[in-house]
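Each ligand, and each atom within it, is numbered from 1 in the order the structure gives. Hydrogens, waters and symmetry mates are skipped; everything else that's a heavy atom, side chains included, is used.
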Amino acid sequence: MIAERLSRLREFLSEKKADAVVVNKEVNLHYFSGFRGDDSLLLVSPDDALLVTDSRYTEQAAQQAPLFEIVEQKDGLFARAAECVKARGWKKLAFEGNAMLYDTFVRFGEQLDHNATLDVSVHLDRLREVKEAEEIARIRKACEIADAAFLDVVKFIRPGVSEREVAVRLETTMRSLGSERPAFTTIVASGERGSLPHGIATEKLIVSGEFVTMDFGAMYEGYHSDMTRTVCVGHASDAQRKLYGTVLDAQEFGVSLVKPGASGKDVDGLVRQRLADAGYGEYFGHGLGHSLGLEIHEEPRLSKKSDCEHLLPGMLVTVEPGVYLPGKGGIRIEDTVLVTENDGVPLTKSGKELMEL
Ligand code: ZN
Ligand code: ZN
């Protein structure tokens, strides 16, 4: 697994015509080496794979990253890296332009031998877009944990319970089922607060007749899941039922569009048009979806600005349309969807018919 990732990284390096690449974004460090510590970096060239770390991690690094030569630093991570660069005579270095702090970039540049330069900015995140079977298995498990937490929480939600209590219940169940931590700050938005797409849980008490939107996820062995369900507490009015049906139709339409070859812009645009045709175009502001994996938000995106021309088997995307009516409330429904050889298969399995609790 790591050997294959390293060879992909080296192939990328030769495309960029760099002698070596400095990997310092934590999730990329984990991905390309297997090592799960922090405050470390990788230096990878066609012939070398170095992991620079400190004494807290040398033993762990040797166990978790057997394909890497472990280099211990005592006087500074990048100072030690600069010594390695010099010793190997590397001149042209690629670095993670979206992860290296500007101050680090300047200081590291000064520490390097005058022959060597940091001159190729790369975005290694793109090399993680297509997931391996082991990664998909972990994301699938994270989705199962979140599904189980949803099944539990709907028995708990009733008038008088606070949004925060709902979030705690979701998070506690996920933790007890093997989640390392919430995938992100749990969103529980009830009633009027439902119009806030990122309304994190507050002390507000849930009232009968309200919609409750819950957006949450688990993290399993480093991999995230993401799902949203909106339920009605008490009996739904005809207007509520109609609005829910509109969002559900858009969401299911979106899932049906996820397949190999589809473009991120098209999937987003078609769902957006569907909501516009139903009269809610102006009430859906955010992108339709995002990928996820070691991070909760990854490329490719399903959005107006997506640069993903073709979804590929092994990619994952969320499909999460919503309608947000300021001062009134909102509805969002979200599944994590796996792109397979032929279509898109939701890994989120919880039912989507309107629940009246
Ligand atoms: Zn979400
Ligand atoms: Zn999401």
**Student:** Run the ring-centre check on Tyr324 versus His286 and record whether the distance is less than 6.0 Å.
**Tutor:**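 Under 6.0 Å, so yes.
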
**Student:** Which N/O/S atom belongs to Glu334 and is the closest one to the Zn ion (ligand 1)?
**Tutor:**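 So the atom name we want here is OE1.
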
**Student:** In Asp226, what N, O or S atom is nearest to the Zn ion (ligand 2), if we give its atom name?
**Tutor:**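 For Asp226, the N, O or S atom at the smallest distance from the Zn ion (ligand 2) is OD2.
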
**Student:** Please check if the distance between the ring centroids of Phe95 and Phe105 is under 6.0 Å.
**Tutor:**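 When the ring centroids of Phe95 and Phe105 are compared, they turn out to be within the sub-6.0 Å range.
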
**Student:** Measuring from the Zn ion (ligand 1), name the closest N, O or S atom belonging to Asp215.
**Tutor:**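 Looking at Asp215, the N, O or S atom with the least distance to the Zn ion (ligand 1) is OD1.
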
**Student:** Could you go step by step and tell me if Tyr57 and Phe35 meet the ring-ring contact (aromatic ring centres under 6.0 Å, His included) rule?
**Tutor:** CA-CA 9 Å; Tyr57 285 129; Phe35 170 60; 5.4 Å; yes

**Student:** Relative to the Zn ion (ligand 2), which of the N, O or S atoms in Glu320 is the closest?
**Tutor:**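 The nearest such atom is OE2.
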
**Student:** Crowded around Glu4 CD? As in, over 12 foreign heavy atoms under 6.0 Å?
**Tutor:**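 Counting other residues, nucleotides and ligands, CD of Glu4 exceeds 12 neighbours.
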
**Student:** Please say whether more than 12 non-hydrogen atoms of neighbouring residues, nucleotides or ligands are located less than 6.0 Å from CZ in Arg8.
**Tutor:**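 Yes, enclosed.
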
**Student:** For the Zn ion (ligand 2), decide whether His297 has an N, O or S atom at a distance under 2.8 Å.
**Tutor:**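 No, His297 does not qualify, because none of its backbone or side-chain N, O or S atoms lies under 2.8 Å.
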
